[in-house]
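Read the structure below first, then the notes.
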Amino acid sequence: MSTPPHDVIFFQQNHTLSIALSVISSLLFAISFELFILPQSANWREVASSVFGLIIIASLGCVAYRCLARITLRSIVIAGIFSCLYSVALVLASNITNYGSLSLTKASTYLAILFCIPFLAIITSRVLISLSSSYSKQVASKKHFGFIFSYLKGRSRYSYFFMWGFIFVCWLPILLAEYPGAWTFDVLSQTQHLLTEEPISAKHPVIHTLWLSGCIWISNYFLGSYAPGLVAYTIIQMLILSALLARVVLITTRWKCSFMPIVSLLVYALFPGFSLWSVIATKDVLFFGLFALCLALLIDLLISIKADSVQKRQWIYFGIALLFMFLFRNNAVYGFVIFLIVCLFIIKKYRKQFFLVSLSALCAYGILTGPISDAAGIEPGDKREMLSVPMSQLASVAVKDSAISEEDLEFIETYIPDWKKYDPHIADPIKATFNTDAVTEDPLYFIKGYLGIGLKNPLAYTDAFASLCKGFWAPSMAYTKNDMTGEMTPFKIGNRDVPEGEYISIQTESKFPQLYSLLTNIRDQKAELVIPGFASFFQVGTWVWLIILYIASCIYNKNKLFIIPALFFMCYWLTLLFGPVSIYRYGVVALACAPIFISILISIKRPRNT
């Protein structure tokens, strides 16, 4: 396998230099991990000081040596930039996890970052070259996969229904185990209006509230029980979500991405991060399916734009998918607006059509959530959710700064009466009593006070922000059984766990008790922590950095047009950083999009130069 001749190859002939660089880079990387990144426990110390430490360093050196044989000037520059960013995230995430602070004033932080960069740059450079090399389209031929591949190629009229049914059937045992469905997360407050006769609040997506409330209200009205309604809701949700994901797989079959449609189908059907969550009554479930569909349709549009063969129905499908995505997540609207602004400078062909469809979806969303919602008596949502980061930063200063002035403390208490309940990992304890009315009455005074305190306490502000959103950017984050971030199964709310007040509670009546018991143990014990490395599959940061690597690969391969799908995701990801907590269900879109990015990465390889 040869490298394109216009790329200058380094270290291919000088074996001595290659060996020296391999040893030094692997040694520095190992030192950085041992001293600065890994938890300072006796177990790690024992491994590092034993013969196993030498074996690990030697293995890293061998990998680096093999990679150096294929280093190119272009790849090392792009890989170097990626490795710098990754090293910064890796070290800062370790600091915030181990010490509760980014430790930006410590020299060891920057030393650890510098030690990581050389080895990671070498490995990443080799990865970029491998991804750009020619790829055999015969890997997944009919001979290998038989009739399954003929379905997934999209040539059969029944291919879509085959994939849809396969995913749904794979999820059915979970429904039987969690029967009548997982009644958890926000459903208590979301359905409270059925008992109190208060107006529906736009705090949660109205379309989801009406759908969920309608199912259980009809069930209770005619059958005297909410449980059958939850069953109906869960089955409908499973059908819609499996249909969305099957459509995503069907779209990828048109990209000539080898075996990836089969892998994607199996991942969507069997990965517990999707199957277990398909039965949860929360808005996030359908949202990640809609987001993945929008991403796949966007890529399909870009491929057609590049070939100058866009069809009218592609614009219609994309616009409809966008509208429903907006209706299930407000922050998706903010992310998409940022994305549109960026696209002004990128998209050249079909720009008018693209912006017309996008703006039409945004206008339809504005009409539905504005005049129509007001006419229907929908109560506007509280804006405090958008202020999760500022309130956490202010509360952290009040808690940690013993020398805070009385004036600043009085300012904080005006807006955050419960600042003493500050939790660096979640804003909910202080968010419940946040004085939104005071912010609305005089927003400039709040902004001035917020910025003034921030200028006095910049490190406290950065630490508070990083602690709140670390689950969305940390490449690998250790967590315990008590942490919310990364958990693969939901916590359940039964009668004894229902908060005081008038709330609807629906108990589990499992039809598959053996599987339910297994799932309960997995949830309680966090079984993903038992298998080394397996927990990383449930961490959003793992897939975010995979998508950033995808961007690096597009830059290396000069596929500028296909950076746009990554920007679509990254703009939404930016909105997650300002949320009240970093947990799996908010970032599950990263996992849903990962198979799509891998598929397009395979299909857009740079042609071999002759």
Out of Ser396, Ser392, Pro424, which one pairs with Ser467 under the side-chain contact (heavy atoms from CB on, under 4.5 Å) rule? Pro424
Which residue, Thr209, Leu212, Ile506, forms the side-chain contact (heavy atoms from CB on, under 4.5 Å) with Thr191? Leu212
Kindly say whether [Y] contributes a backbone atom to a donor-acceptor pair with the side chain of [X] at under 3.5 angstrom?
{"X": "Ser388", "Y": "Glu385", "answer": "yes"}
{"X": "Ser582", "Y": "Leu468", "answer": "yes"}
{"X": "Thr440", "Y": "Thr436", "answer": "yes"}
{"X": "Gln237", "Y": "Ser278", "answer": "yes"}
{"X": "Tyr268", "Y": "Ala592", "answer": "yes"}
{"X": "Ser242", "Y": "Phe168", "answer": "no"}
{"X": "Gln314", "Y": "Gln311", "answer": "yes"}
{"X": "Asn331", "Y": "Thr575", "answer": "no"}
{"X": "Trp164", "Y": "Leu239", "answer": "yes"}
{"X": "Trp543", "Y": "Val589", "answer": "no"}

Evaluate the ring planes of Trp315 and Phe354, with Trp represented by its six-membered ring, and classify them as parallel (under 30°), tilted (30 to 60°) or perpendicular (over 60°). perpendicular
Let's go through Leu546 and Ile598 carefully: what are the C-alpha distance in whole Å and the side-chain angles of both, what is the deciding distance for side-chain contact (heavy atoms from CB on, under 4.5 Å) to 0.1 Å, and is it a yes or a no? CA-CA 9 Å; Leu546 176 67; Ile598 296 173; 4.1 Å; yes
So, for [X] and [Y], is the gap between ring centers shorter than 6.0 Å?
{"X": "Phe287", "Y": "Tyr572", "answer": "yes"}
{"X": "Tyr365", "Y": "Phe336", "answer": "no"}
{"X": "Phe291", "Y": "Phe328", "answer": "no"}
{"X": "Trp573", "Y": "Phe472", "answer": "no"}
{"X": "Phe512", "Y": "Tyr179", "answer": "no"}
{"X": "Tyr226", "Y": "Trp217", "answer": "no"}

Identify the heavy atoms of [X] and [Y] that sit nearest to each other, and give their distance.
{"X": "Ala281", "Y": "Leu230", "value": "CB-CD1, 4.2 Å"}
{"X": "Leu175", "Y": "Pro180", "value": "CD1-O, 4.3 Å"}
{"X": "Cys294", "Y": "Phe568", "value": "CB-CZ, 3.9 Å"}

What I'd like to find out is whether the side chain of [X] reaches to under 4.5 Å of the side chain of [Y], using heavy atoms alone.
{"X": "Pro580", "Y": "Lys431", "answer": "yes"}
{"X": "Leu290", "Y": "Leu327", "answer": "no"}
{"X": "Pro595", "Y": "Val263", "answer": "no"}
{"X": "Lys312", "Y": "Tyr317", "answer": "no"}
{"X": "Pro173", "Y": "Leu515", "answer": "yes"}
{"X": "Leu323", "Y": "Phe318", "answer": "no"}
{"X": "Ile504", "Y": "Ile216", "answer": "yes"}
{"X": "Leu340", "Y": "Phe355", "answer": "yes"}

Determine, step by step, whether Val249 and Tyr160 satisfy the side-chain contact (heavy atoms from CB on, under 4.5 Å) criterion, reporting the C-alpha distance in whole Å, the side-chain angles of both residues, the deciding distance to 0.1 Å, and the verdict. CA-CA 9 Å; Val249 177; Tyr160 175 68; over 6 Å; no
Indicate yes or no: does Arg585 engage Asp186 in a salt bridge with an N to O separation below 4.0 Å. yes
Would Phe274 and Val588 satisfy side-chain contact (heavy atoms from CB on, under 4.5 Å), going step by step from the backbone distance to the final call? CA-CA 9 Å; Phe274 300 129; Val588 65; 4.2 Å; yes
Hydrogens and angles aside, do [X] and [Y] bring a side-chain donor and acceptor to less than 3.5 Å of each other?
{"X": "Gln393", "Y": "Tyr450", "result": "yes"}
{"X": "Trp255", "Y": "Asp300", "result": "yes"}
{"X": "Ser213", "Y": "His193", "result": "yes"}

Should we count CE of Met386 as having more than 12 external heavy atoms under 6.0 Å? no
Could you tell me whether Phe324 atom CZ has more than 12 heavy atoms of other residues or ligands within 6.0 Å of it? no
